[in-house]
2 protein chains.
Amino acid sequence: MSTQHINQLDHCPRPLRADAERNRTKILDAAARVFAERGLDATLDEVAAAAGVGVGTVYRRFADKETLIGALFDNGVDEIAELASRAHEMSNSWEGLVWFLEQALERQCANRGLREVVAESSYAEVRLDDAKRRIVPALGRLVERAQCDGYVRDDVVTTDFAIFEMMISSLGNKTSSVAPELWRRYLRIILDGIVVARQRPSVLDTVPDDAIMGEVLRSAHRLARRAH
Amino acid sequence: MSTQHINQLDHCPRPLRADAERNRTKILDAAARVFAERGLDATLDEVAAAAGVGVGTVYRRFADKETLIGALFDNGVDEIAELASRAHEMSNSWEGLVWFLEQALERQCANRGLREVVAESSYAEVRLDDAKRRIVPALGRLVERAQCDGYVRDDVVTTDFAIFEMMISSLGNKTSSVAPELWRRYLRIILDGIVVARQRPSVLDTVPDDAIMGEVLRSAHRLARRAH
DNA sequence: AAATAAACGGAATGAATATCTCCACATAAC
DNA sequence: GTTATGTGGAGATATTCATTCCGTTTATTT
């Protein structure tokens, strides 16, 4: 209503009370942990509990769940877009491409929330959507360069890589609690599938032993079951 | 209670009334369609509507959702286990392995319900579980044979193939409405990644044009969003 | 053409599960 | 000590399903 009020919103809102600021941080930290582990379907009640505050406190600081998610993953998505640019500056195009995939997947496999924000579009916020739109074209430039240089076979296409990321990161999320680095194995195999020619396969990380691999399959199952 | 009653259950239950039998078939058909398209989360109300009957009718014929799903996918899972055996009888071990993967994926990519029954364990019924337990060992024999014959690199492992199936079929489900055969492309690429040596990549199906590939990414998103 | 047992439809029930609001009470700031 | 701010968490509200119930309809039998 008042001019003063407008100024507060637009310019220099009165700083939060000390305890409120402290709580805001606790909430963001907790939300980061909870969404990373459980994905965006996690309840704000869970977040509040993890932060050691009441739900009401969460809602006073963030208008709703979507806003919180926006505040939380804004950086993350942006960073991925950024990585693609940085990869483009690396001198070897193949190494650049692989480096980008590894960096992006490292983040998305360890963070289910981030993956869901990037790969699925639940809770698409404007700023997030904006950052996301930069990823595919940047990836495209990486791929094309690696093809021109004769590293990547010509019959693959930018979208293929987006799909590799979807496939691998969704697996990564499912197995991250049991074998957090397993996704690298499947990235390696897929990369071996898209290089122009190879005499020998590249070296895979050693397989986790059978007990763990069994657990991997089972953990994928269990995660799906949690939906109900 | 009565002997007569027990006999009805165990031996030759009085046949259903003609209309009831007709409806039972309509329900099974509809359920097959609905679960194939929408997955096991589809409501029995949806199934009933698709069958053109009331929910009550569904429940008179099938004790509950799980029973219906069991009746519906029993064959499907069994058939996949069967395919693995048949593949083992093919003379060329590589062709056998590829043939099995293609056959199994063909079924699972076109049928989201079947995929969920095999890959996830929601609604695990006893008989289904039983059939499922046969798949991995059978697959294992296929893989080992192809490795002995020098087709498949030695550093991959049976579980890897189970994971390939998970990755590809989940993608296949997501894209089946837009590009129903696209999964073959990624199977090809992964296979190129796990052969012992290759000079040239194998031939990929032509990529759907950009418009469709864009739609593919978007459809993956949209499907995820439906969860909320 | 009754009479009867079987089957039907679909509104209603009840159990989860979520998001978001409200307000009596607490506490930082001055 | 006063006051503007902030807090907790019970509950209002909504949604979504599986499953049940019962008044009505229909096939079958006689």
Side-chain angles (χ1 to χ4, degrees), chain A residues 1-2 4-5 8-9 12-28 30-31 34-35 38-72 113 116 122-123 125 225-228, chain B residues 2 4-5 8-9 13-28 30-31 34-35 38-72 113 116 122-123 125 225-228:
Chain A
M1 267 302 166
S2 67
Q4 187 190 6
H5 179 60
Q8 282 188 8
L9 284 178
C12 57
R14 153 184 323 194
L16 291 176
R17 223 170 72 174
D19 56 343
E21 180 57 42
R22 215 158 33 231
N23 279 338
R24 209 188 71 98
T25 310
K26 282 200 287 186
I27 291 167
L28 281 170
V34 170
F35 286 132
R38 292 234 208 300
L40 301 183
D41 277 350
T43 322
L44 285 202
D45 285 36
E46 285 180 81
V47 171
V53 304
V55 230
T57 305
V58 176
Y59 277 97
R60 187 158 322 85
R61 226 36 78 199
F62 302 92
D64 55 19
K65 195 176 172 180
E66 188 163 336
T67 307
L68 172 58
I69 288 174
L72 208 53
E116 287 177 3
S122 346
Y123 301 108
E125 247 228 336
R225 194 201 315 237
R226 259 185 33 84
H228 250 263
Chain B
S2 68
Q4 186 189 10
H5 180 62
Q8 283 190 5
L9 283 179
R14 150 185 327 192
L16 290 176
R17 224 170 69 175
D19 55 343
E21 180 56 42
R22 214 158 35 233
N23 280 338
R24 210 188 71 100
T25 311
K26 282 200 287 186
I27 290 167
L28 281 169
V34 170
F35 287 132
R38 293 234 210 296
L40 302 182
D41 278 350
T43 325
L44 285 202
D45 285 36
E46 286 180 80
V47 171
V53 304
V55 232
T57 305
V58 177
Y59 276 96
R60 188 159 319 88
R61 224 38 74 200
F62 302 92
D64 55 20
K65 195 175 171 181
E66 188 164 343
T67 308
L68 172 58
I69 288 173
L72 207 53
E116 288 177 3
S122 348
Y123 300 108
E125 247 228 336
R225 195 202 313 237
R226 260 184 33 84
H228 251 262

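Every chain is numbered from 1 and lettered A, B, ... according to where its sequence line falls, protein lines coming before strand lines. Only heavy atoms go into these numbers, but all of them, side chains included; no hydrogens, no water, no symmetry mates. This structure is a prediction, so every number in the text was calculated from the model and none was measured.
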In whole angstrom, give the distance that lies between atom CD of A:Glu21 and atom P of D:dT7. 11 Å

One should read off an interatomic distance between A:Arg17 CZ and A:Asn23 CG, to the nearest 0.5 angstrom, of 10.0 Å

Nucleic acid contacts - residues 52-64 of chain B versus DNA chain C, non-hydrogen atoms under 4.0 Å: B:Gly52, B:Val53, B:Gly54, B:Val55, B:Gly56, B:Thr57, B:Arg60, B:Arg61

Every protein N/O lying under 3.5 Å from an N/O of nucleotides 28-30 of chain C:
from, atom 1, to, atom 2, distance (Å)
C:dA29, OP1, A:Ala18, N, 3.3

Might you point out which heavy atoms bring B:Arg24 and B:Leu16 nearest each other, and give the distance in Å? CD-CD1, 3.8 Å

Please give, in whole Å, the distance from C:dG9 P to B:Asp45 CG? 13 Å

Looking at residues at least two apart in the chain, or sitting in another chain, which of them share a side-chain hydrogen bond (donor to acceptor under 3.5 Å, both in side chains) with A:Thr43? A:Glu46

With sequence neighbours excluded, what pairs up with B:Asp45 under the salt bridge (charged side-chain N to carboxylate O under 4.0 Å, His left out) test? none

To the nearest Å, give me how far apart NZ (A:Lys26) and C1' (D:dT7) are. 11 Å

Pick one: which of A:Leu40, A:Val47, A:Leu44 meets side-chain contact (heavy atoms from CB on, under 4.5 Å) with A:Val34? A:Val47

Does D:dG6 have its OP1 or OP2 closer than 4.0 Å to a side-chain nitrogen or oxygen of A:Asn23? no

The criterion is salt bridge (charged side-chain N to carboxylate O under 4.0 Å, His left out); which residues satisfy it with A:Arg22, sequence neighbours excluded? none

B:Glu66 side, atom CD; B:Ile69 side, atom CD1 - distance, nearest 0.5 Å: 7.5 Å

Whole-Å distance separating the CZ atom of A:Arg14 from the C1' atom of D:dG6: 13 Å

Between D:dC17 (P) and B:Arg38 (CZ): distance, integer Å: 10 Å

Nearest-angstrom distance from the residue atom CD of A:Glu66 to P of C:dA18: 18 Å

Under the side chain to side chain donor-acceptor pair (under 3.5 Å) rule, what pairs show up with a residue in residues 48-64 of chain B, not counting sequence neighbours? B:Asp64-B:Thr67

Report the distance from atom CD1 of A:Ile69 to atom C1' of C:dC20, rounded to the nearest whole Å. 15 Å

note: A:Leu40, atom CG; C:dA18, atom C1'; distance rounded to Å ~ 15 Å

Tell me the closest heavy-atom pair linking A:Phe35 and A:Ala42, and the distance in Å. CE2-O, 3.8 Å

